[in-house]
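Heads up: the structure comes next, in C-alpha cells.
Keep in mind that what you see is a predicted model, and the values were worked out from it rather than measured.
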Amino acid sequence: MENFQQIHFRQTKHGDGQVSSVLFDDTTDLVWIGDSKGRATSYSGPSLTAYTSFVATNGGAPIVQFLNHPRGILALGKYSLKLSNRQSFPLWHVGPHSPSMRVLETSELRNFTAMCYGSASQSSVVIGGEIDAGLIDFDLNKLKVSSTISHEGKVAVMKSSNKYLVVGNANGSLDILDPSSNNSIVKNFQSHQLSFSKIDLQNYLLVTTGYSKRHNYASVAVVDPLINVYDLRYLKPLAPTSFPAGASFVSLHPKMQNMCFACSATGQLQFIDLFNINNFKIYQVNLLNPHGAGSTFLGAPNGPSSPKIVKMEISNSGDYLILVDNYNTVYLWSTDPTSGFNNYSKQLEYPVGLDYEQLKSNSFNVTDFDKKLNMVGMPYYKESLLSNYSSDLKFNAGTLPKKIPTELIRNSESTKRGTLAPGFQRERTTEIDLRYSKYNRNKYGPRNLHQQWYSLDSKDKKGNVPRFISEKDDSIESDSESDSEASNGKDGSEDEPNDKIFKDSKLAQIFDYKPSSQTPLKIPPAFSKLHILYSRFGIEDFDFKFYNRSKKKFSGLEIDIQNSYCNSLLILYRFVPEFYNWLTESLTHDCFIYDRDRSQDNLFSKAGMQMGKSLLAEVGYLFDMMANSGGKNCRTTNFQNVLCSIREASQLGLIDNGKKGYSSHQSIDEDREDEEDKLKNLIHSFNRFILQRLSFDERRLHYNGLIKHNNEHQRMINFDEMRSYELDRIAGINMETEIKSTSCTFSSRKLTTVYNLELKCMGSVDTKNPLISSVADSPKISKNYIYSSGSFKGKNMNKYNNIYADHNNSAFLYSQSILPYIDAAMNNHSFTPVKTWCSECQKYQAMNTIKTVRNLPHVLSLNLNLDDDREVIRKLSQTQVDETKNGKSPHHWIVNEFYAKLSNSSQRPILKLNAADFNGKGGRSSSGNSYNQDDVRASLNNMSIHDRESLSSSGSTTSCKSSSIKKQKYGNEIIKYELTGLVCEIGGSEENNSLENKHLVTFVKVKNQTNDSYQWYLFNDFLIIPIYDENEVFNLSYWWKKPLIVLYQSNKSPSEFNYKVAKSGLNQEILYRDYFAHGTREGKIIEYELLTKEEAPKPGSLVALDAEFVILESDKYEIRSDGTKVLVKPKRQSLARVSVVRGDAGPKKGVPFIDDYIVIEEQVEDYITSFSGIEKGDLDPFLSKKSLTYLEVAYRKLWLLLQIGVVFVGHGLTNDFRAINIQVPDTQVRDTLKLYSKKDVKRKLGLKFLMFAVLGKDVQTGNHDSIEDARSALELYDRYADLVSAGKFENELNRIYREGTILGFKVPGS
C-alpha cells in the first residue's frame, strides 16, 4: 500500500469566489480549478504554478463541473457549456440563447448540476439539472441537442462507463441506465436518505458517499459514516465500508481498483482496501486558516470560522491527490513528487516573446526572389485555413502510379511503331520501343463476365470450421477420433478418408487442395494462409487436431512465433532420413559449444563461439520432438532463440525484427524493387545459411572434442582446417571454380564445398562450347522456344521438331524438365564484366569463370530462381497436365526421379531421365582432364580453408593448379535420385504482391514402412493432409503456386528413419554434476542434492516437476469498434527456473536433484515475482547467488529424463511443457490439474486450493517456489493413487467441488 504525504499547498486567488470544481487534466500536468464566479484557472506541475485563467461561463455563473476532452477542457455552468483549449482560447461556447440550445426555451431543464460522456468516443455528453425535466444528450460534433432522455428526479451527480450511465438523484436514489437499450433504467438503488456528495466509477466498481437525516431532525443533514459499494457486473450492492469520521468524498484509485480514498470534511484521509477492511492507512490533513483562529472568510460571511474540505480529486496516474478547503487553500499530496499527474503527459506550450527589432531587420520585399518564402511569418487570421476545410471540400488530386509488377515486365514483348520526327513531314521517322504484356487468362480468368450474385442470408453457418475445442461438436470429435484410431495409419499408408469430418462436405472444404470448378482461379482452402485464434480459455482451446489429418503420425509447426517462414524448410529436412538420423544421433553426446574456459578464462578459438548456441543441437531436438509428439503441434521457440542470437543470421536479413524479414540496412529503393521476391530470397538465404551453419557447428563439436582430450596441445589445433564429416558426406557438393583470362594464359582454380545448387534462368545456348554439349543438344526452354500443339515454336526450331517427333523420346522429355537447369548449375559459365588483376599480365583483364561440380552428394538441395521462365514453365506444366488427362503416361517438369553418373570425359556429373540412356561415353571437355571423385575429396580435405576459398581478385591471386589434383577415372556407377519434397510459395496477385500476402507450404513424400509404396503429404504449417492425386504435387500450371526449393535423395542414402537412435547410448553425465553459468558452488545458494549413479532414473521412475517463467512481451490485444478486446498475440514467456524432485519411495523422496535458474539475455518486461518467485538480479550471472545455468543445459537435463522414460508429476504441466518447448507423451505425464477435475465442469482447481481441500495444508503463503510446488503436486498424486486404489476418489472429488463452490474455490483468509 502506497505512502502519501503532503508536498505542497498554496492559497489560490479567486477574488470573492469560492472553489466549486476541481479536475486533473488527463493529457498534460495541469490541475483545473473553477470557482463560483465562473473563472477557470489551471496550475502546472507539483509546484502548482499558475498557467492559464479565463472566464468559462455566462454571467458569472459558477462552474459546476469540468470534463477532460481530447481538444481541451469542457466547463459546465448552470446555463452554459464551453470548450476551451488548454491555452485558454475558446473553441465554442453554447448558452441558453444559442440556436443549438433552443430546446431550453421550451423545456423546464435548467440549473445544470452534472454531466458525463454519453459514449466511449467522447462525441456527446449527457447533462442533468436541478429541475425534474429529464436529461439531454448533447452532440459535441454538431453542437446541438441530439435527444432528450426521460428521467424522473433532480440530478445531483453523474458518471459513465463503457456499459452504463450512472445518475445520482437529489433524493439519494441511484439509477443505472443502459445506453444500448435507449437509456432505460436497468437497476435502481436507494443509496442515501438525502443527496449525494460524491460518486466514482472505475470499470465495474461504483462507490458513493452522501447525506442522511439526523435522528428526530428531518431537516438536518449529516454525513453518512458508510461508503456504499456496488458491483455493476451483477448489478448488486457489496458490503459497505465504514468511515466513522463521515465520508464526504470518495475516489477510486485508477490503477488499484480495490483501493479507494475517502476524506471527511475535517481533513481525515483514509486509503482503504474495499475488499479487506483491515488493510487501510489513515492520514490527517493539516488545515490552515489564513485569517487566524475565530475569523471568518470574507467570501462566506455566514460560514464557519474553521476550515473544511470542500473538494477532493485523484490524478490519473494515482500518484497525486488534491484537496481544497473553504478558504480556497489547495493541498497537494503525493507518493512520488518526481512523477507526473499522468502516466504519459504532453509537454505544455508557453508563449514566446517576439523581438520586433529583429523582425524588422529581417523584413524583405516580396519581389526579392533570393529570399525564401518560409521566412514570412503567419499573420493573424479569423477564417479557417485550407488545411482545416471540411472533408466534402477536399478532393484527391491523384497519387503516384502503382509499381508495375515484375512478372508483367518479365513476360512483356516489344513492338516497334513508327512516328514522324519533329519538324519533318514523312521524310524521316523514328521508331518508338513499346512493350506490352498479354492478359493472363489462366491467372485472372476470362474477362467481362457477369458475376453471379448470391444472398448473404443463404450462407449456412453450420458449415463454418470450428475454431475452438469449446465450440466443437462433441460427436464430430469422437467420431473422428474413433475412425482415426481404427485406421491402420502408423505405417505411413493412407486410404481415402472415411471419418465424419470428410463425410461432411462443408467441413471438408478446408482440406480441398484442388481448385473448385466454380472458382478455378481461387487459391484452394488447403493452401490458404492460416492464423491461430485465441479464446478466453487460452491457446489450448484452439483446435489444432482438426487441421491434422495424418492420423497422429506427423506433427505440424505453429506460426505465432518469430521467423515462422522457417517452418517449411525445417519440415522438408525433417523427412530426409539421412538428415534426421544424423541430427538426432548427435544428441547422444553433450552438444555444448564452449567459447572460453570459464575456470581459466582462456579463449579456445577465434571463431566467436557462444556457449551452448548450437543450431545443430536445436534442429536435432526439434526433429526428435516432431517425430515423437504423437501428432501434436510443435513450436520452434528454442530454435528461433538460437537463430536470433547468431550475428550472421541478422546480417543476412533472416531475422524478423518488425521489418518483414529483410536486412535492416536495406534501402527504401531496394525494398520497393524486391517486394515481389522477398519471400523467395528469404527462404533461399535461409536454406544456404542453415546448412552452412550446421557444418560450422559440427566442426565446432569436433574441435571441442579434441580440446577436451588433448588439452595440453590445444594451441596446436587449427579450427579452420577441420571438416564437417557427416554433412559433407550427406549434402556436400565439391565445386571447382576456374578463372581464366581472356587475354593471356592465366588460370586459377579453387575447390570449395557448398550445400545447395542455385538454379537460374539459362542464357542463350552456346552450341560451340563443348563443356555444355549435353545441354546444346536439347532446345532451350524460354519464351521463344515452347513446345505447343505438337511442335516447337521459335526461330530455327525445325531441326528440333524432327528430333523430338516422338514425344516419348528421352531427349524430348529431358528438355521438358528441370534437368537442363540442374545440368547448367553443375557447369556454370559466366563472364566477369569488371576487370580483375592478372598476375601474369600485371594489369587488369577481363575474366571468364567456370564452376563445375565434381561429385554427386547423397542429398541434392536445389534453390530455384526461375522467375524469368516462370510463365514458360507454367505453360509447359499445363501442357503436361492436359496430356495426362488424355490418358498419356504422366511426365512432369519437376521429375520424380532421374539418374546420374560421373563422366570420365567431361569431368562432371551427367544427368539422364533413364538409366538405359547412358551409353558409357558421356560428354568430354576441351582439356581432356578427368578427376576421380575420391581424389577430389582427398585433395579438398588436405587443403586449408584459405587455399580452398582463395580467388584471384583485387590484385592478388592464390591458385590451386589442376596439376595438384590426381587424375583418375571415375568408373561407371549410375546413381538414382528420387524426389523427396519441395517448398512452394503460395499467393501473390497483381493487386497485392507483398510479403504479407504470401506464405510457404511443403510437399513431402513419405515411405510406407510395411511396403515400398509412398504417400505425398501437404504441410501448410499446422495443417497436414495427404495428397491422393500426386499429379497435384507436380502441377505448376497454377498462377498462385511457385516452387522455390526442391530436394532429391540418391539411392546411396538410407531410406529408413532410426527413431530410436536418440534413446541408445545417451551421455547422461550432465545429470550427475553441476554446470554453472559463472563460478563454482562457493557463495551460491544450493537448494538441491545431485543425483548419484546408484539412484540413476529408470523407465517409469517418478519425478515431480515445476517451472517458473518471466514475461518478455505482454499480450497484444485488438480493440474492436464495440470496445471489446480480442487477443491477437499471446504473451511471450521465457523459462526462468525449473525444479525436479525425486518421486520414488525412499529416504530421499521429495528431495530436489535439479533446481536451475536460467540466464536470460533478452530484456525482461515483467518478473511477476508474486507468481514466479524470481526477483531482479536472480538471472544475472555476475550478481546472482542462485544456481544459475544456461537454457541449453536445463533443457538437456529434461530431455534426457524424457528419453530415459521417467514419469513427470506436476500441476498444470501442459503450460510448463509448452513454454519449455518440449513434447512429453501422455503415458509419461501425471498432471494433478487434470486428475482432480471433472469432465463436465470447465472449472480447474488451483494447486493452493487443492492442497487445502485434499490435505489440509496451506502452501504458497508468500511468493511461489517451484520446489514447494513440485513437492505439493507429488503429495497430491500420492493421495490420488491411494483414493483410486480404495475406490473413493469420485466421492472425494465431489466433496472438493462442493466445498469449492461454497468457498469460491479459494483458501479462507487468502
Donor-acceptor pair, side chain of Thr879 and main chain of Lys875, under 3.5 angstrom: yes

Mind checking the NZ-OG1 spacing from Lys1007 to Thr980? Nearest 0.5 Å is all I need. 12.0 Å

Can a donor-acceptor pair be found, under 3.5 Å and without considering hydrogens, that links the side chain of Gln640 to the backbone of Ser564? no

Between Lys1052 and Tyr977, is a side chain to side chain contact (heavy atoms under 4.5 Å, CB included) present by the stated rule, with each step listed? CA-CA 9 Å; Lys1052 285 190 173 184; Tyr977 280 93; over 6 Å; no

Answer yes or no: is there a donor N or O on one side and an acceptor on the other, between the side chain of Asn633 and the main chain of Leu557, under 3.5 Å? no

Report the C-alpha distance between Ser555 and Ile1024 in whole Å, list the side-chain angles of each, state the deciding distance to 0.1 Å, and finish with yes or no for side chain to side chain contact (heavy atoms under 4.5 Å, CB included). CA-CA 8 Å; Ser555 298; Ile1024 308 173; 5.6 Å; no

Side-chain donor/acceptor of Thr584 to backbone N/O of Tyr580, under 3.5 Å: yes

dist Asn863:CG -> Asn756:CG (nearest 0.5 Å) comes out at 5.0 Å

Are the ring centres of Tyr1038 and Phe527 closer than 6.0 Å? no

Quick one: are Asn1031 and Val881 in side-chain contact, heavy atoms under 4.5 Å? no

Short question: side chain of His858, backbone of Ala731 - any donor-acceptor pair under 3.5 Å? no

Check against ring-ring contact (aromatic ring centres under 6.0 Å, His included), Tyr821 and Trp893: CA-CA 11 Å; Tyr821 291 91; Trp893 185 80; 5.7 Å; yes

Which atom of Ile571 lies closest to which atom of Val1004, heavy atoms considered: O-CG1, 4.3 Å

I'd like to know if the side chain of Ser877 and the backbone of Arg874 have a donor-acceptor N/O pair within less than 3.5 Å. no

Can any side-chain N or O of Ser1037 pair as donor or acceptor with the backbone N or O of Gln878 at less than 3.5 Å? no

Side chains of Ile690 and Leu643, heavy atoms from C-beta outward: is any pair under 4.5 Å? no

For a 4.5 angstrom cut-off between non-hydrogen side-chain atoms, does Leu616 reach Trp582? yes

Non-hydrogen atoms of Asn1051 and Ile974 that approach each other most closely: ND2-O, 4.4 Å

Mind checking whether Ile523 and Pro515 have side chains closer than 4.5 Å, heavy atoms only? no

Between atom CD of Glu648 and atom CG of Leu654, what is the distance when rounded to the nearest 0.5 Å? 10.5 Å

For Ser695 and Leu727 the tightest heavy-atom approach is N-CD2, 3.5 Å

Glu758 and Lys760 ion-paired at < 4.0 Å: no

CG on Asn681 to CZ on Phe686, rounded to 0.5 Å: 15.0 Å

Look at the aromatic rings of Phe579 and Tyr573 and report parallel, tilted or perpendicular, splitting at 30° and 60°. tilted

Can you measure from OG1 (Thr737) to NZ (Lys851) and round to the nearest 0.5 angstrom? 5.0 Å

Once rounded to the nearest 0.5 Å, what's the spacing between atom CZ of Phe623 and atom CZ of Phe639? 8.5 Å

Between the side chains of Asp728 and Tyr755, is a donor N or O closer than 3.5 angstrom to an acceptor N or O? yes

Any Val576 side-chain heavy atom under 4.5 Å of Leu1047 side chain: yes

Give a yes or no on whether a salt bridge exists between Lys1041 and Glu985, defined as a side-chain N under 4.0 angstrom from a carboxylate O. no

Compare all side-chain heavy atoms of Arg908 with those of Leu902 and state whether any distance is below 4.5 angstrom. no

Identify whether the distance between the nearest side-chain nitrogen and carboxylate oxygen of Lys976 and Glu978 falls below 4.0 Å. yes

Quick check: does any side chain N or O of Ser685 sit under 3.5 Å from a backbone N or O of Leu682, one acting as donor and the other as acceptor? no

Give a yes or no answer on whether the side chain of Asn638 reaches the backbone of Val619 with a donor-acceptor pair at less than 3.5 Å. no

For Ile683 versus Ile1045, what's the shortest heavy-atom pair and its separation? CG1-CD1, 3.7 Å

Do the side chains of Arg700 and Asp697 get close enough for a salt bridge, i.e. N-O under 4.0 angstrom? yes

Check the pair Phe1003 / Trp1016 against side chain to side chain contact (heavy atoms under 4.5 Å, CB included), numbers first and verdict last. CA-CA 7 Å; Phe1003 294 96; Trp1016 281 97; 3.9 Å; yes

Can you name the closest pair of heavy atoms from Leu856 and Pro909 and give their distance? CD2-CB, 3.4 Å

Does a side chain donor of either Lys1005 or Asn896 reach within less than 3.5 Å of an acceptor in the other side chain? yes

Looking only at side-chain N and O atoms, does Glu736 offer a donor or acceptor that is under 3.5 Å from a partner on Thr852? no

Presence of salt bridge, Asp1021 and Lys529, under 4.0 angstrom: no

Are the side chains of Lys912 and Tyr814 in touch, meaning some heavy atoms are under 4.5 Å apart? no

Establish, from distance only, whether the side-chain atoms of His892 and Gln880 form a donor-acceptor pair under 3.5 Å. no

Classify the angle between the aromatic ring planes of Phe1019 and Phe554 as parallel (below 30°), tilted (30 to 60°) or perpendicular (above 60°). tilted

Does Lys750 pair with Glu738 as a salt bridge, N-O distance under 4.0 Å? no

Under the criterion side chain to side chain contact (heavy atoms under 4.5 Å, CB included), I'd like the reasoning laid out for His999 against Ile986: C-alpha separation, chi angles, the key distance, then a yes or no. CA-CA 5 Å; His999 65 287; Ile986 304 298; 3.7 Å; yes

Closest non-hydrogen atom pair, Leu530 against Asn1020: CD1-O, 3.1 Å

Gln562 side chain vs Ile655 backbone, donor-acceptor pair below 3.5 Å: no

Do Val983 and Pro1043 have side chains that get closer than 4.5 Å, going by heavy atoms? no

